[in-house]
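Values below: all heavy atoms of this structure, side chains included; hydrogens, waters and symmetry mates excluded.
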Amino acid sequence: MARDNWQRDELLIAFNLYCEIPFPQISARNPKIIHVAEIIGRSANALSMKLGNFARLDPALQSRGVGGLSHGGKGEVEIWEEFSERPEPLAIESEEARKKILSIEEPTIPELPEGPTDTLRSVHVRMVQAFFRRTVLSGYNFSCCFCGLGMSDMLVASHIIPWSVSVELRADPRNGIALCAFHDRAFDRGILGVDETRHIIVSSIVAIPSDNQLAQVGLLALADQPIKPADRFQADPESFAFHRNNIFKQ
């Protein structure tokens with residue numbers, strides 16, 4: 001029997017899947033889309049089209065003249081607007097739907113941000129971290145946007161405005177970039193930054209050990225290089241401005 005109306009949990013799973021799968025891989029032939037479609041009782045074509053409906057709403061894709069379908073349903077517009085206004089609650093709700101319907105358990109994240117949390121909040125923190133990591137890394141096609149390293153085990157979904165500074169932006173992929181562990185540390189400590197034109201800037205303190213080969217290749221050589229743009233959820237210029245003004249060391 002044909003099913004027309006998408007329930008909220010189904011839309012949440014579709015949104016979660018849109019965030020997880022790199023944009024070039026969104027297709028009815030993608031094994032993950034086929035698998036999820038079977039679980040929720042939809043065709044792979046229907047689920048793929050729903051992901052395309054979310055893609056049409058993404059400014060990062062619109063700016064490049066690519067994206068999803070020209071028309072879509074009201075449901076995904078509402079989900080998108082909810083996420084744009086308050087990312088964390090929607091991220092948590094989509095993770096809960098993913099867990100309940102798809103029976104997917106996220107791996108334990110051993111290091112939680114500092115600060116008092118109750119048990120429920122700890123669970124939500126893990127959900128937000130898992131959602132943020134998948135979404136940011138997928139948006140950059142699992143490669144460092146500074147150096148291009150494509151080894152998933154070496155990548156970090158880095159918050160531009162730190163987790164401890166803004167609760168509102170903790171789940172927002174527009175406040176994140178994909179970095180390798182080395183460049184994540186340098187960005188976090190203000191040794192590297194991003195200017196108004198999305199080119200890499202290097203702190204003057206790097207000149208101190210400039211005779212070091214790693215400093216030369218891993219830091220100084222990046223100066224004035226453009227960062228790789230995200231396919232989806234392009235990083236917010238205001239987040240980069242905050243990082244320049246409050247974290248980057250001139």
Side-chain angles (χ1 to χ4, degrees), residues 14-26 51-70 72 76-88 90-91 94 128-150 152 155-163 165-180 183-184 186-188 192-201 222 224-248:
F15 174 76
N16 195 285
L17 199 60
Y18 168 75
C19 293
E20 177 182 359
I21 297 177
F23 178 70
Q25 297 177 24
I26 293 178
L51 269 60
N53 288 341
F54 282 116
R56 76 184 175 87
L57 303 171
D58 196 325
L61 292 168
Q62 294 172 358
S63 67
R64 294 163 47 206
V66 298
L69 307 175
S70 58
E76 56 266 21
V77 174
E78 293 175 348
I79 294 289
W80 189 272
E81 289 178 348
E82 282 185 51
F83 183 71
S84 297
E85 293 174 5
R86 297 183 66 210
E88 183 167 321
L90 197 285
S94 76
V128 168
Q129 285 187 317
F131 174 88
F132 183 82
R133 175 178 169 79
R134 286 198 314 272
T135 304
V136 171
L137 296 189
S138 173
Y140 285 90
N141 284 304
F142 297 93
S143 63
C144 174
C145 70
F146 280 10
C147 69
L149 182 68
S152 294
L155 295 179
V156 177
S158 181
H159 284 86
I160 304 171
I161 298 178
W163 175 288
V165 173
S166 175
V167 173
E168 294 77 14
L169 297 177
R170 288 178 177 181
D172 193 341
R174 294 160 297 193
N175 184 46
I177 50 177
L179 295 173
C180 68
H183 289 130
D184 170 68
F187 186 75
D188 182 63
L192 295 177
V194 177
D195 69 12
E196 296 89 342
T197 63
R198 296 182 184 265
H199 285 70
I200 299 170
I201 50 179
L222 294 180
D224 301 322
Q225 295 297 310
I227 68 168
K228 173 186 175 182
D231 279 346
R232 297 169 301 183
F233 300 113
Q234 194 68 264
D236 188 347
E238 292 184 8
S239 292
F240 282 136
F242 177 94
H243 184 274
R244 283 194 305 275
N245 295 331
N246 297 276
I247 300 173
F248 181 71

Quick one: does [X]'s side chain have a donor or acceptor within less than 3.5 Å of a partner on [Y]'s backbone?
X	Y	answer
Asp188	Asp184	no
Asp58	Arg232	no
His159	Asn175	no
Ser138	Glu20	yes

Do [X] and [Y] come within less than 4.5 Å of each other through their side chains, counting heavy atoms only?
X	Y	result
Leu192	His183	yes
Arg134	Cys19	no
Glu88	Val167	yes
Trp163	Val128	yes

Distance-minimising heavy-atom pair for [X] and [Y]:
X	Y	result
Asn141	Lys228	CB-NZ, 3.9 Å
Leu51	Tyr18	O-CD1, 3.6 Å
Ala171	Ala91	CB-CB, 3.9 Å
Leu61	Asp231	CD2-O, 3.2 Å
Ala230	Ala60	O-CB, 4.5 Å
Val136	Ala178	CG1-N, 3.7 Å

Point to revise | Residues that Glu168 engages under side-chain contact (heavy atoms from CB on, under 4.5 Å), provided they are two or more places apart | key: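 Partners of Glu168 by the side-chain contact (heavy atoms from CB on, under 4.5 Å) criterion, ordered by chain and then number, come out as Ser166.
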Check your understanding: To the nearest 0.5 Å, what is the distance between OG (Ser84) and CG (Asp172)?
Key -> 8.0 Å
Check your understanding: Heavy-atom count around Asp224 CG within 6.0 Å, excluding the residue itself: above 12?
Key ->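 Open: at most 12 neighbouring heavy atoms sit under 6.0 Å from CG of Asp224.
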Exercise for review: Have a look at Phe233 and tell me which of Tyr140, Trp80, Phe23, Phe132 forms a ring-ring contact (aromatic ring centres under 6.0 Å, His included) with it.
Suggested key: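 For Phe233, the ring-ring contact (aromatic ring centres under 6.0 Å, His included) test succeeds with only one of Tyr140, Trp80, Phe23, Phe132, which is Trp80.
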Review point. If you measure only the distance, is there a donor-acceptor pair under 3.5 Å linking the side chains of Thr197 and Asp195?
Key: yes
Exercise for review: Could you tell me which residues satisfy salt bridge (Lys or Arg N to Asp or Glu O under 4.0 Å) with Glu238, sequence neighbours excluded, listed by chain and number?
Suggested key: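 If we apply the salt bridge (Lys or Arg N to Asp or Glu O under 4.0 Å) test to Glu238, skipping adjacent residues, there are no hits.
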